[in-house]
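Letters go in sequence order (proteins before strands), and every chain restarts at 1.
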Amino acid sequence: MSLGNIDDVIGTFNVTKRYKKFKLSIKAGLQSGVTAIFGHSGSGKTSLLNCLSGLIQPDTGYVRLYGTDLFDSETKINVKPENRRIGYVLQDSLIFPHISVLDNISYGYKLVPPLERKIEPDELIQIMGLSDVLSRHPSELSGGEARRVAIARALAISPKLLMLDEPMQGLDFGVRGSIIRYLNRIRTELNIHMILVSHSISEVLALAQHVIVLDRGEKVVEGPVNELLLSRRMANVIDISELENVFEATVIDNGQDTGIGIITLDSLELEVPAFKAEIGSKSTVSIKAADIIISKQSPQGLSARNVKKGIVKEVSNSTNGTVIYVDIGVMLLVEITTRSLAELDLHVGSDVHLIIKANSIGVAEIQ
Amino acid sequence: MYLEIILLSFQVSIIATLMNIVPAVGVGWFLVKRNTPINFLLDLVVALPLALPPVIIGFFLLVSLSNASPLGELSQIIFGKDIVFTWFAAAIAAAVVSFPLMVRSIMVGIADVDDRLEQSARILGAGAWRVFFTITIPLAYKGILAGLLIGFVRAFSEFGATIVVAGSISGSTETLPVAIYGRILTGKDGEVFELIGISILFAVVTLLIHNWLMNKYSYSGGRK
(Lines give C-alpha, C1' and ligand atoms only; values in the text may rest on other atoms or scores of the structure.)
Protein backbone atom coordinates (compact mmCIF):
# COMPACT_ATOMS: atom_id res chain seq x y z
CA MET A 1 0.00 0.00 0.00
CA SER A 2 1.30 3.41 -0.84
CA LEU A 3 -1.38 5.50 0.74
CA GLY A 4 1.31 7.57 2.37
CA ASN A 5 1.51 8.44 5.99
CA ILE A 6 -1.64 9.09 7.87
CA ASP A 7 -0.40 12.61 8.54
CA ASP A 8 0.08 13.48 4.88
CA VAL A 9 -2.04 16.47 4.03
CA ILE A 10 -3.39 16.26 0.50
CA GLY A 11 -5.42 19.44 0.61
CA THR A 12 -6.73 22.31 2.68
CA PHE A 13 -9.86 24.36 2.51
CA ASN A 14 -11.43 27.30 4.22
CA VAL A 15 -14.92 28.00 2.95
CA THR A 16 -17.66 30.35 4.03
CA LYS A 17 -21.10 30.30 2.51
CA ARG A 18 -24.12 32.15 3.81
CA TYR A 19 -27.64 30.87 3.32
CA LYS A 20 -30.83 32.47 4.54
CA LYS A 21 -31.00 30.55 7.79
CA PHE A 22 -27.67 28.81 7.83
CA LYS A 23 -24.02 29.70 7.60
CA LEU A 24 -21.31 27.28 6.59
CA SER A 25 -17.87 28.27 7.78
CA ILE A 26 -15.27 25.54 7.85
CA LYS A 27 -11.51 25.46 7.74
CA ALA A 28 -9.81 22.10 7.77
CA GLY A 29 -7.17 19.92 6.18
CA LEU A 30 -7.68 16.80 4.11
CA GLN A 31 -5.53 13.85 5.11
CA SER A 32 -4.45 10.99 2.91
CA GLY A 33 -6.53 7.86 3.26
CA VAL A 34 -10.17 8.23 4.21
CA THR A 35 -11.40 11.40 5.89
CA ALA A 36 -14.89 11.22 7.31
CA ILE A 37 -17.08 14.28 7.57
CA PHE A 38 -19.35 13.50 10.43
CA GLY A 39 -22.34 15.26 11.86
CA HIS A 40 -26.10 15.29 12.19
CA SER A 41 -28.28 16.06 9.21
CA GLY A 42 -28.33 19.81 8.68
CA SER A 43 -24.80 20.22 9.99
CA GLY A 44 -23.54 21.28 6.57
CA LYS A 45 -21.90 18.07 5.35
CA THR A 46 -23.42 18.07 1.86
CA SER A 47 -22.96 21.83 1.47
CA LEU A 48 -19.29 21.36 2.25
CA LEU A 49 -18.91 18.65 -0.42
CA ASN A 50 -20.72 20.88 -2.90
CA CYS A 51 -18.24 23.67 -2.15
CA LEU A 52 -15.28 21.33 -2.63
CA SER A 53 -16.67 19.92 -5.89
CA GLY A 54 -17.48 23.35 -7.28
CA LEU A 55 -21.23 22.79 -7.50
CA ILE A 56 -21.60 25.63 -5.03
CA GLN A 57 -19.36 28.66 -5.07
CA PRO A 58 -18.34 29.70 -1.55
CA ASP A 59 -18.73 33.37 -0.66
CA THR A 60 -15.16 33.59 0.55
CA GLY A 61 -12.21 31.32 1.21
CA TYR A 62 -10.14 28.82 -0.72
CA VAL A 63 -10.03 25.16 -1.72
CA ARG A 64 -6.61 23.64 -2.40
CA LEU A 65 -5.94 20.10 -3.50
CA TYR A 66 -2.44 18.72 -4.11
CA GLY A 67 -1.04 22.24 -4.17
CA THR A 68 -3.50 23.44 -6.83
CA ASP A 69 -5.99 26.20 -6.16
CA LEU A 70 -9.47 25.02 -7.14
CA PHE A 71 -11.08 28.06 -5.61
CA ASP A 72 -9.75 31.25 -4.13
CA SER A 73 -11.98 34.25 -3.54
CA GLU A 74 -9.00 36.61 -3.30
CA THR A 75 -7.32 35.69 -6.56
CA LYS A 76 -10.73 35.04 -8.16
CA ILE A 77 -9.83 31.48 -9.09
CA ASN A 78 -12.81 29.19 -9.51
CA VAL A 79 -12.14 25.98 -11.42
CA LYS A 80 -15.36 24.68 -12.97
CA PRO A 81 -16.71 21.45 -11.49
CA GLU A 82 -16.12 19.59 -14.76
CA ASN A 83 -12.43 20.49 -14.62
CA ARG A 84 -11.76 19.60 -10.98
CA ARG A 85 -11.51 15.84 -11.54
CA ILE A 86 -13.04 15.06 -8.18
CA GLY A 87 -15.12 11.91 -8.09
CA TYR A 88 -18.31 12.75 -6.25
CA VAL A 89 -21.09 10.30 -5.57
CA LEU A 90 -24.13 12.33 -4.59
CA GLN A 91 -26.77 10.86 -2.33
CA ASP A 92 -29.26 8.48 -3.96
CA SER A 93 -26.78 7.22 -6.61
CA LEU A 94 -28.44 9.17 -9.47
CA ILE A 95 -27.75 6.72 -12.27
CA PHE A 96 -28.57 8.29 -15.66
CA PRO A 97 -31.85 6.53 -16.44
CA HIS A 98 -31.74 6.87 -20.23
CA ILE A 99 -28.44 5.12 -20.96
CA SER A 100 -27.12 1.64 -20.18
CA VAL A 101 -25.22 0.73 -17.04
CA LEU A 102 -22.00 0.47 -19.05
CA ASP A 103 -22.58 3.87 -20.64
CA ASN A 104 -23.15 5.27 -17.16
CA ILE A 105 -19.80 3.89 -16.00
CA SER A 106 -17.94 5.18 -19.05
CA TYR A 107 -19.73 8.57 -19.24
CA GLY A 108 -16.93 10.43 -17.48
CA TYR A 109 -14.17 8.06 -18.61
CA LYS A 110 -14.68 9.13 -22.23
CA LEU A 111 -14.17 12.77 -21.25
CA VAL A 112 -10.77 12.15 -19.65
CA PRO A 113 -7.80 12.68 -22.00
CA PRO A 114 -6.49 9.18 -22.87
CA LEU A 115 -3.07 9.80 -21.33
CA GLU A 116 -4.62 10.72 -18.00
CA ARG A 117 -6.79 7.60 -17.74
CA LYS A 118 -5.36 5.53 -14.93
CA ILE A 119 -8.41 3.44 -14.09
CA GLU A 120 -10.18 1.42 -16.78
CA PRO A 121 -13.92 0.68 -16.71
CA ASP A 122 -13.19 -3.06 -17.03
CA GLU A 123 -11.10 -2.93 -13.87
CA LEU A 124 -13.87 -1.10 -12.01
CA ILE A 125 -16.53 -3.54 -13.20
CA GLN A 126 -14.41 -6.35 -11.80
CA ILE A 127 -13.57 -4.62 -8.50
CA MET A 128 -17.14 -3.48 -7.89
CA GLY A 129 -18.62 -6.83 -8.93
CA LEU A 130 -20.76 -5.33 -11.68
CA SER A 131 -20.28 -7.72 -14.60
CA ASP A 132 -23.68 -9.31 -14.01
CA VAL A 133 -25.61 -6.05 -14.03
CA LEU A 134 -24.08 -4.50 -17.17
CA SER A 135 -26.86 -5.72 -19.43
CA ARG A 136 -29.58 -4.44 -17.14
CA HIS A 137 -31.52 -1.25 -17.53
CA PRO A 138 -30.78 1.32 -14.78
CA SER A 139 -34.36 1.03 -13.51
CA GLU A 140 -33.78 -2.67 -12.84
CA LEU A 141 -30.85 -2.14 -10.47
CA SER A 142 -31.27 -2.70 -6.74
CA GLY A 143 -30.30 0.07 -4.34
CA GLY A 144 -26.94 -1.50 -3.58
CA GLU A 145 -26.17 -2.18 -7.24
CA ALA A 146 -27.07 1.38 -8.22
CA ARG A 147 -24.76 2.66 -5.49
CA ARG A 148 -21.91 0.50 -6.80
CA VAL A 149 -22.51 1.69 -10.37
CA ALA A 150 -22.45 5.30 -9.16
CA ILE A 151 -19.17 4.70 -7.33
CA ALA A 152 -17.65 2.98 -10.38
CA ARG A 153 -18.83 5.85 -12.60
CA ALA A 154 -17.14 8.39 -10.29
CA LEU A 155 -13.92 6.36 -10.19
CA ALA A 156 -13.80 5.99 -13.98
CA ILE A 157 -12.62 9.59 -14.33
CA SER A 158 -9.41 8.57 -12.48
CA PRO A 159 -10.23 11.14 -9.80
CA LYS A 160 -7.72 12.84 -7.55
CA LEU A 161 -10.16 12.36 -4.71
CA LEU A 162 -13.37 10.41 -4.26
CA MET A 163 -16.15 12.05 -2.27
CA LEU A 164 -19.09 9.98 -1.10
CA ASP A 165 -22.20 11.56 0.35
CA GLU A 166 -23.87 9.08 2.71
CA PRO A 167 -22.98 6.04 0.60
CA MET A 168 -24.88 3.67 2.88
CA GLN A 169 -28.00 5.82 3.14
CA GLY A 170 -31.19 3.94 2.43
CA LEU A 171 -29.51 0.56 2.08
CA ASP A 172 -30.26 -2.40 4.34
CA PHE A 173 -27.61 -3.85 6.59
CA GLY A 174 -26.31 -6.61 4.34
CA VAL A 175 -25.85 -4.25 1.43
CA ARG A 176 -24.29 -1.67 3.73
CA GLY A 177 -21.66 -4.22 4.66
CA SER A 178 -20.92 -4.96 1.03
CA ILE A 179 -20.51 -1.25 0.24
CA ILE A 180 -18.07 -0.94 3.15
CA ARG A 181 -16.20 -3.92 1.75
CA TYR A 182 -16.09 -2.46 -1.77
CA LEU A 183 -14.92 0.91 -0.49
CA ASN A 184 -12.14 -0.71 1.49
CA ARG A 185 -11.20 -2.56 -1.69
CA ILE A 186 -11.06 0.68 -3.67
CA ARG A 187 -8.86 2.23 -1.03
CA THR A 188 -6.33 -0.60 -1.06
CA GLU A 189 -6.43 -1.60 -4.75
CA LEU A 190 -6.76 1.80 -6.41
CA ASN A 191 -4.99 4.01 -3.85
CA ILE A 192 -7.70 6.63 -3.93
CA HIS A 193 -8.04 9.13 -1.14
CA MET A 194 -11.61 9.57 -0.03
CA ILE A 195 -13.94 11.90 1.78
CA LEU A 196 -16.84 10.10 3.32
CA VAL A 197 -19.84 12.03 4.53
CA SER A 198 -21.76 10.18 7.16
CA HIS A 199 -24.02 10.63 10.14
CA SER A 200 -23.29 7.08 11.28
CA ILE A 201 -20.37 6.63 13.63
CA SER A 202 -20.15 2.93 12.72
CA GLU A 203 -19.50 3.79 9.08
CA VAL A 204 -16.86 6.26 10.15
CA LEU A 205 -15.24 3.66 12.37
CA ALA A 206 -15.35 1.05 9.62
CA LEU A 207 -13.82 3.18 6.88
CA ALA A 208 -12.08 6.32 8.00
CA GLN A 209 -8.79 7.08 9.67
CA HIS A 210 -9.44 10.76 10.07
CA VAL A 211 -12.60 12.62 10.93
CA ILE A 212 -13.87 16.18 10.73
CA VAL A 213 -16.87 16.71 12.96
CA LEU A 214 -19.40 19.36 11.96
CA ASP A 215 -22.20 20.92 13.91
CA ARG A 216 -24.47 23.71 12.63
CA GLY A 217 -22.16 24.61 9.78
CA GLU A 218 -19.01 24.76 11.85
CA LYS A 219 -16.15 22.43 12.61
CA VAL A 220 -16.35 21.07 16.12
CA VAL A 221 -13.13 19.11 16.06
CA GLU A 222 -10.91 17.12 13.69
CA GLY A 223 -8.36 14.39 14.19
CA PRO A 224 -7.75 10.64 14.05
CA VAL A 225 -10.97 8.65 14.42
CA ASN A 226 -9.93 6.55 17.40
CA GLU A 227 -8.79 9.50 19.45
CA LEU A 228 -11.79 11.61 18.65
CA LEU A 229 -14.37 9.03 19.55
CA LEU A 230 -13.22 9.38 23.14
CA SER A 231 -13.16 13.14 23.04
CA ARG A 232 -15.58 14.90 25.33
CA ARG A 233 -16.30 17.35 22.56
CA MET A 234 -17.97 14.55 20.67
CA ALA A 235 -20.51 14.00 23.42
CA ASN A 236 -23.07 16.25 21.76
CA VAL A 237 -22.69 14.79 18.30
CA ILE A 238 -22.52 11.07 19.00
CA ASP A 239 -25.48 9.07 20.19
CA ILE A 240 -23.73 6.43 22.27
CA SER A 241 -26.64 3.99 22.08
CA GLU A 242 -26.10 3.86 18.30
CA LEU A 243 -22.44 2.96 18.54
CA GLU A 244 -21.54 -0.16 16.65
CA ASN A 245 -18.37 -2.14 16.19
CA VAL A 246 -18.12 -2.85 12.48
CA PHE A 247 -15.48 -5.25 11.21
CA GLU A 248 -14.60 -7.19 8.17
CA ALA A 249 -14.42 -10.83 9.25
CA THR A 250 -13.50 -14.09 7.55
CA VAL A 251 -16.20 -16.74 7.33
CA ILE A 252 -15.03 -20.04 8.86
CA ASP A 253 -18.44 -21.69 8.97
CA ASN A 254 -21.71 -20.21 7.77
CA GLY A 255 -23.67 -22.52 10.05
CA GLN A 256 -26.02 -23.69 7.32
CA ASP A 257 -25.78 -27.27 8.78
CA THR A 258 -25.38 -26.63 12.50
CA GLY A 259 -27.25 -23.36 12.91
CA ILE A 260 -24.15 -21.77 14.41
CA GLY A 261 -21.76 -19.86 12.21
CA ILE A 262 -18.16 -19.09 13.04
CA ILE A 263 -16.26 -16.01 11.93
CA THR A 264 -12.80 -14.72 12.74
CA LEU A 265 -11.58 -11.19 13.15
CA ASP A 266 -7.81 -11.46 13.09
CA SER A 267 -7.07 -13.89 15.97
CA LEU A 268 -10.52 -13.58 17.51
CA GLU A 269 -13.11 -16.26 16.85
CA LEU A 270 -16.82 -15.55 17.33
CA GLU A 271 -19.90 -17.71 17.16
CA VAL A 272 -22.77 -16.09 15.27
CA PRO A 273 -26.23 -17.11 14.04
CA ALA A 274 -26.25 -19.03 10.73
CA PHE A 275 -26.00 -16.75 7.70
CA LYS A 276 -25.69 -16.91 3.93
CA ALA A 277 -22.11 -16.43 2.80
CA GLU A 278 -19.41 -18.61 1.32
CA ILE A 279 -16.91 -20.22 3.64
CA GLY A 280 -13.58 -18.41 3.36
CA SER A 281 -15.17 -15.22 2.08
CA LYS A 282 -15.06 -11.84 3.80
CA SER A 283 -18.12 -10.46 5.43
CA THR A 284 -19.06 -7.41 7.43
CA VAL A 285 -19.91 -7.93 11.06
CA SER A 286 -21.60 -5.52 13.39
CA ILE A 287 -21.83 -5.63 17.17
CA LYS A 288 -23.63 -2.83 18.97
CA ALA A 289 -21.55 -1.36 21.78
CA ALA A 290 -24.60 -1.49 24.03
CA ASP A 291 -25.11 -5.22 23.40
CA ILE A 292 -21.80 -6.23 24.97
CA ILE A 293 -21.79 -7.17 28.65
CA ILE A 294 -18.68 -6.61 30.71
CA SER A 295 -17.59 -8.71 33.70
CA LYS A 296 -14.58 -8.55 35.98
CA GLN A 297 -14.65 -12.26 36.87
CA SER A 298 -14.66 -15.12 34.41
CA PRO A 299 -18.36 -15.88 34.09
CA GLN A 300 -19.56 -19.46 34.64
CA GLY A 301 -22.63 -21.26 33.38
CA LEU A 302 -23.74 -18.68 30.83
CA SER A 303 -25.90 -19.29 27.83
CA ALA A 304 -24.07 -16.60 25.84
CA ARG A 305 -21.88 -18.16 23.15
CA ASN A 306 -18.99 -15.74 23.20
CA VAL A 307 -17.00 -14.97 26.33
CA LYS A 308 -13.70 -13.23 25.60
CA LYS A 309 -10.92 -12.12 27.90
CA GLY A 310 -9.52 -8.64 27.35
CA ILE A 311 -7.89 -5.56 28.78
CA VAL A 312 -9.44 -2.10 29.14
CA LYS A 313 -7.44 0.26 26.94
CA GLU A 314 -9.30 3.52 27.32
CA VAL A 315 -12.25 4.87 29.26
CA SER A 316 -14.36 7.75 27.99
CA ASN A 317 -16.75 9.23 30.45
CA SER A 318 -18.99 11.91 29.08
CA THR A 319 -22.31 13.45 29.94
CA ASN A 320 -24.30 11.14 27.74
CA GLY A 321 -22.72 7.84 28.81
CA THR A 322 -19.55 5.89 29.13
CA VAL A 323 -17.67 4.10 26.39
CA ILE A 324 -14.68 1.92 26.99
CA TYR A 325 -12.25 0.39 24.54
CA VAL A 326 -11.46 -3.21 25.32
CA ASP A 327 -8.71 -5.15 23.54
CA ILE A 328 -9.73 -8.76 23.03
CA GLY A 329 -7.45 -9.35 20.08
CA VAL A 330 -9.35 -6.62 18.26
CA MET A 331 -10.48 -3.35 19.81
CA LEU A 332 -14.13 -3.37 20.76
CA LEU A 333 -16.19 -0.43 21.89
CA VAL A 334 -18.36 -1.27 24.88
CA GLU A 335 -21.03 0.99 26.28
CA ILE A 336 -21.80 0.81 29.99
CA THR A 337 -23.57 3.06 32.43
CA THR A 338 -21.53 5.45 34.50
CA ARG A 339 -22.77 3.61 37.60
CA SER A 340 -21.46 0.26 36.33
CA LEU A 341 -18.13 1.92 35.63
CA ALA A 342 -17.88 2.99 39.27
CA GLU A 343 -19.21 -0.25 40.75
CA LEU A 344 -16.93 -2.45 38.65
CA ASP A 345 -14.05 -0.07 39.33
CA LEU A 346 -12.91 -0.17 35.72
CA HIS A 347 -9.86 1.73 34.63
CA VAL A 348 -7.21 1.51 31.98
CA GLY A 349 -5.39 -1.80 32.36
CA SER A 350 -8.25 -3.68 34.10
CA ASP A 351 -8.62 -7.32 33.11
CA VAL A 352 -12.19 -7.96 31.99
CA HIS A 353 -14.35 -10.51 30.24
CA LEU A 354 -16.70 -9.51 27.46
CA ILE A 355 -19.90 -11.46 26.99
CA ILE A 356 -21.40 -11.25 23.52
CA LYS A 357 -24.59 -13.14 22.67
CA ALA A 358 -24.40 -14.75 19.24
CA ASN A 359 -27.76 -13.20 18.36
CA SER A 360 -26.47 -9.70 18.98
CA ILE A 361 -23.86 -10.09 16.24
CA GLY A 362 -25.03 -9.05 12.79
CA VAL A 363 -23.32 -10.57 9.77
CA ALA A 364 -23.77 -9.17 6.28
CA GLU A 365 -25.13 -11.84 3.98
CA ILE A 366 -24.47 -12.13 0.29
CA GLN A 367 -27.30 -10.75 -1.75
CA MET B 1 -59.38 20.98 -54.50
CA TYR B 2 -58.95 20.47 -50.75
CA LEU B 3 -55.47 19.02 -51.27
CA GLU B 4 -53.99 22.44 -51.86
CA ILE B 5 -55.56 23.76 -48.65
CA ILE B 6 -54.38 20.75 -46.64
CA LEU B 7 -50.84 20.86 -48.01
CA LEU B 8 -50.61 24.59 -47.36
CA SER B 9 -51.85 24.12 -43.80
CA PHE B 10 -49.17 21.47 -43.24
CA GLN B 11 -46.51 23.63 -44.82
CA VAL B 12 -47.40 26.62 -42.63
CA SER B 13 -47.66 24.55 -39.42
CA ILE B 14 -44.47 22.58 -40.00
CA ILE B 15 -42.43 25.69 -40.81
CA ALA B 16 -43.93 27.48 -37.79
CA THR B 17 -43.01 24.55 -35.51
CA LEU B 18 -39.49 24.28 -36.95
CA MET B 19 -38.94 28.00 -36.44
CA ASN B 20 -39.97 27.60 -32.82
CA ILE B 21 -37.97 24.51 -31.76
CA VAL B 22 -34.64 26.11 -30.93
CA PRO B 23 -35.95 29.30 -29.30
CA ALA B 24 -38.66 27.40 -27.40
CA VAL B 25 -36.19 24.87 -25.96
CA GLY B 26 -33.73 27.66 -25.20
CA VAL B 27 -36.27 29.89 -23.50
CA GLY B 28 -37.85 26.92 -21.68
CA TRP B 29 -34.46 25.85 -20.37
CA PHE B 30 -33.59 29.38 -19.30
CA LEU B 31 -36.87 29.89 -17.46
CA VAL B 32 -36.53 26.58 -15.58
CA LYS B 33 -32.81 26.39 -14.89
CA ARG B 34 -31.77 29.98 -14.49
CA ASN B 35 -32.96 32.12 -11.70
CA THR B 36 -32.27 35.65 -12.87
CA PRO B 37 -34.06 38.96 -12.29
CA ILE B 38 -35.26 39.00 -15.90
CA ASN B 39 -37.02 35.62 -15.61
CA PHE B 40 -40.16 37.33 -14.39
CA LEU B 41 -40.20 39.63 -17.41
CA LEU B 42 -39.30 36.91 -19.90
CA ASP B 43 -42.01 34.64 -18.52
CA LEU B 44 -44.54 37.43 -19.01
CA VAL B 45 -43.45 38.22 -22.57
CA VAL B 46 -43.50 34.55 -23.53
CA ALA B 47 -46.98 34.04 -22.10
CA LEU B 48 -48.45 37.21 -23.58
CA PRO B 49 -49.54 35.79 -26.97
CA LEU B 50 -51.51 33.20 -25.01
CA ALA B 51 -53.47 35.85 -23.17
CA LEU B 52 -54.03 38.28 -26.04
CA PRO B 53 -56.67 37.86 -28.74
CA PRO B 54 -54.82 36.50 -31.82
CA VAL B 55 -56.22 39.35 -33.88
CA ILE B 56 -54.04 41.74 -31.86
CA ILE B 57 -50.98 39.58 -32.55
CA GLY B 58 -51.93 39.71 -36.20
CA PHE B 59 -52.15 43.47 -36.11
CA PHE B 60 -48.74 43.82 -34.43
CA LEU B 61 -47.22 41.50 -37.01
CA LEU B 62 -48.89 43.44 -39.82
CA VAL B 63 -47.35 46.66 -38.54
CA SER B 64 -43.90 45.21 -37.89
CA LEU B 65 -43.71 43.28 -41.18
CA SER B 66 -45.23 45.88 -43.51
CA ASN B 67 -42.96 47.42 -46.13
CA ALA B 68 -42.68 50.61 -44.10
CA SER B 69 -41.07 48.73 -41.19
CA PRO B 70 -37.38 47.75 -40.85
CA LEU B 71 -38.28 44.04 -41.09
CA GLY B 72 -40.34 44.74 -44.18
CA GLU B 73 -37.46 46.63 -45.75
CA LEU B 74 -35.10 43.79 -44.91
CA SER B 75 -37.48 41.38 -46.63
CA GLN B 76 -37.54 43.66 -49.67
CA ILE B 77 -33.75 43.59 -49.82
CA ILE B 78 -33.40 39.83 -49.31
CA PHE B 79 -36.43 38.40 -51.12
CA GLY B 80 -37.34 41.38 -53.27
CA LYS B 81 -40.92 41.32 -51.97
CA ASP B 82 -43.13 41.84 -48.93
CA ILE B 83 -43.73 39.18 -46.31
CA VAL B 84 -47.26 40.28 -45.49
CA PHE B 85 -50.01 38.39 -47.30
CA THR B 86 -47.68 35.47 -48.12
CA TRP B 87 -47.74 31.93 -46.74
CA PHE B 88 -44.59 32.83 -44.81
CA ALA B 89 -46.50 35.56 -42.95
CA ALA B 90 -49.05 32.91 -42.04
CA ALA B 91 -46.23 30.72 -40.74
CA ILE B 92 -44.83 33.58 -38.65
CA ALA B 93 -48.29 34.27 -37.22
CA ALA B 94 -48.76 30.58 -36.40
CA ALA B 95 -45.30 30.46 -34.83
CA VAL B 96 -45.88 33.46 -32.57
CA VAL B 97 -49.26 32.20 -31.39
CA SER B 98 -48.08 28.62 -30.74
CA PHE B 99 -44.78 29.64 -29.08
CA PRO B 100 -46.14 30.03 -25.49
CA LEU B 101 -47.78 26.60 -25.56
CA MET B 102 -44.57 24.98 -26.78
CA VAL B 103 -42.50 26.72 -24.13
CA ARG B 104 -44.93 25.67 -21.36
CA SER B 105 -44.80 22.03 -22.35
CA ILE B 106 -41.01 22.04 -22.77
CA MET B 107 -40.64 23.72 -19.36
CA VAL B 108 -42.58 20.90 -17.73
CA GLY B 109 -40.27 18.38 -19.39
CA ILE B 110 -37.09 20.19 -18.36
CA ALA B 111 -38.32 20.78 -14.81
CA ASP B 112 -38.84 17.02 -14.50
CA VAL B 113 -35.12 16.40 -14.97
CA ASP B 114 -33.48 16.01 -11.57
CA ASP B 115 -30.89 18.80 -11.17
CA ARG B 116 -28.63 16.36 -9.41
CA LEU B 117 -28.38 14.17 -12.52
CA GLU B 118 -27.05 17.22 -14.34
CA GLN B 119 -24.73 17.99 -11.44
CA SER B 120 -23.47 14.41 -11.50
CA ALA B 121 -22.69 14.74 -15.22
CA ARG B 122 -20.96 18.05 -14.58
CA ILE B 123 -18.69 16.49 -11.96
CA LEU B 124 -17.92 13.63 -14.31
CA GLY B 125 -16.31 16.18 -16.61
CA ALA B 126 -19.13 17.30 -18.89
CA GLY B 127 -19.31 21.00 -19.69
CA ALA B 128 -22.60 22.87 -19.65
CA TRP B 129 -23.40 22.17 -23.34
CA ARG B 130 -22.59 18.49 -23.07
CA VAL B 131 -24.78 18.20 -19.99
CA PHE B 132 -27.57 19.94 -21.91
CA PHE B 133 -27.36 17.65 -24.93
CA THR B 134 -26.56 14.33 -23.22
CA ILE B 135 -28.62 14.61 -20.04
CA THR B 136 -31.16 17.44 -20.06
CA ILE B 137 -32.50 17.07 -23.62
CA PRO B 138 -32.76 13.25 -23.65
CA LEU B 139 -34.47 13.24 -20.25
CA ALA B 140 -36.78 16.13 -21.16
CA TYR B 141 -37.57 14.42 -24.47
CA LYS B 142 -41.15 13.72 -23.55
CA GLY B 143 -41.94 17.32 -22.72
CA ILE B 144 -40.09 18.60 -25.78
CA LEU B 145 -41.91 16.18 -28.05
CA ALA B 146 -45.23 17.03 -26.46
CA GLY B 147 -44.36 20.70 -26.93
CA LEU B 148 -43.65 20.19 -30.63
CA LEU B 149 -46.94 18.40 -31.16
CA ILE B 150 -48.98 20.87 -29.13
CA GLY B 151 -47.28 23.69 -30.99
CA PHE B 152 -48.00 22.01 -34.31
CA VAL B 153 -51.67 21.49 -33.43
CA ARG B 154 -51.99 25.11 -32.33
CA ALA B 155 -50.28 26.32 -35.52
CA PHE B 156 -52.55 24.10 -37.60
CA SER B 157 -55.66 25.61 -36.05
CA GLU B 158 -54.43 29.22 -36.09
CA PHE B 159 -56.90 31.68 -37.56
CA GLY B 160 -57.14 35.12 -35.96
CA ALA B 161 -53.59 36.39 -36.44
CA THR B 162 -53.26 34.64 -39.79
CA ILE B 163 -56.26 36.28 -41.41
CA VAL B 164 -54.96 39.72 -40.43
CA VAL B 165 -51.34 39.34 -41.51
CA ALA B 166 -51.73 36.89 -44.41
CA GLY B 167 -55.30 37.35 -45.53
CA SER B 168 -57.20 34.67 -47.41
CA ILE B 169 -55.58 34.17 -50.78
CA SER B 170 -56.57 30.90 -52.40
CA GLY B 171 -53.54 28.72 -53.02
CA SER B 172 -51.24 31.06 -51.16
CA THR B 173 -52.49 31.87 -47.66
CA GLU B 174 -55.76 29.96 -47.46
CA THR B 175 -55.13 27.48 -44.64
CA LEU B 176 -57.79 25.09 -43.38
CA PRO B 177 -59.38 27.39 -40.76
CA VAL B 178 -59.23 30.33 -43.17
CA ALA B 179 -60.89 28.23 -45.86
CA ILE B 180 -63.66 27.18 -43.49
CA TYR B 181 -64.28 30.80 -42.50
CA GLY B 182 -64.46 31.85 -46.16
CA ARG B 183 -67.00 29.11 -46.96
CA ILE B 184 -69.12 30.00 -43.93
CA LEU B 185 -69.32 33.59 -45.19
CA THR B 186 -70.34 32.47 -48.67
CA GLY B 187 -72.84 29.92 -47.37
CA LYS B 188 -71.13 26.79 -48.80
CA ASP B 189 -72.34 24.59 -45.93
CA GLY B 190 -71.47 21.30 -47.63
CA GLU B 191 -67.81 22.27 -48.07
CA VAL B 192 -67.74 23.65 -44.53
CA PHE B 193 -68.76 20.27 -43.14
CA GLU B 194 -66.26 18.43 -45.32
CA LEU B 195 -63.41 20.69 -44.20
CA ILE B 196 -64.50 20.36 -40.57
CA GLY B 197 -64.42 16.57 -41.02
CA ILE B 198 -60.86 16.79 -42.34
CA SER B 199 -59.88 19.02 -39.40
CA ILE B 200 -61.32 16.58 -36.88
CA LEU B 201 -59.50 13.70 -38.58
CA PHE B 202 -56.16 15.50 -38.34
CA ALA B 203 -56.77 16.47 -34.73
CA VAL B 204 -57.56 12.88 -33.76
CA VAL B 205 -54.53 11.49 -35.60
CA THR B 206 -52.19 14.08 -34.02
CA LEU B 207 -53.52 13.40 -30.54
CA LEU B 208 -53.11 9.64 -31.05
CA ILE B 209 -49.51 10.18 -32.16
CA HIS B 210 -49.00 12.41 -29.12
CA ASN B 211 -50.32 9.76 -26.73
CA TRP B 212 -48.36 6.99 -28.41
CA LEU B 213 -45.11 8.98 -28.16
CA MET B 214 -45.78 9.82 -24.52
CA ASN B 215 -46.08 6.12 -23.71
CA LYS B 216 -43.10 5.11 -25.79
CA TYR B 217 -40.73 7.53 -24.18
CA SER B 218 -41.72 6.82 -20.64
CA TYR B 219 -38.67 6.04 -18.49
CA SER B 220 -40.52 5.49 -15.28
CA GLY B 221 -41.58 1.97 -16.12
CA GLY B 222 -38.26 0.80 -17.50
CA ARG B 223 -37.91 -0.47 -21.04
CA LYS B 224 -41.10 -0.63 -23.01
ask   = Using 30° and 60° as the class limits, which term best fits the ring planes of A:H193 and A:Y66: parallel, tilted or perpendicular?
value = tilted

inquiry  = Given heavy-atom pairs under 4.5 angstrom as the criterion, report whether the side chain, backbone, both or neither of A:Y107 touches chain B.
reply    = side chain

query = Hey, what's the ring geometry for B:F156 with B:F152, parallel, tilted or perpendicular (30° and 60° as the breaks)?
reply = tilted

task = Can you tell me which residue pairs pass the salt bridge (Lys or Arg N to Asp or Glu O under 4.0 Å) test with a partner in residues 110-120 of chain A, sequence neighbours excluded?
result = A:R85-A:E116

note = Whatever's closer than 4.5 Å to a heavy atom in chain B on A:I99 counts as neither

task = Name all pairs fulfilling the side chain to side chain donor-acceptor pair (under 3.5 Å) condition that reach into residues 90-115 of chain B, sequence neighbours left out, sorted by first residue then second.
result = B:N20-B:S98, B:K33-B:D115, B:D43-B:R104, B:D114-B:R116

query = chain A heavy atoms under 4.5 Å from B:A128: which part of the residue, side chain, backbone, both or neither?
reply = backbone

note = chain B shares the most heavy-atom pairs under 4.5 Å, among A:I86, A:D92, A:L94, A:N50, with A:L94

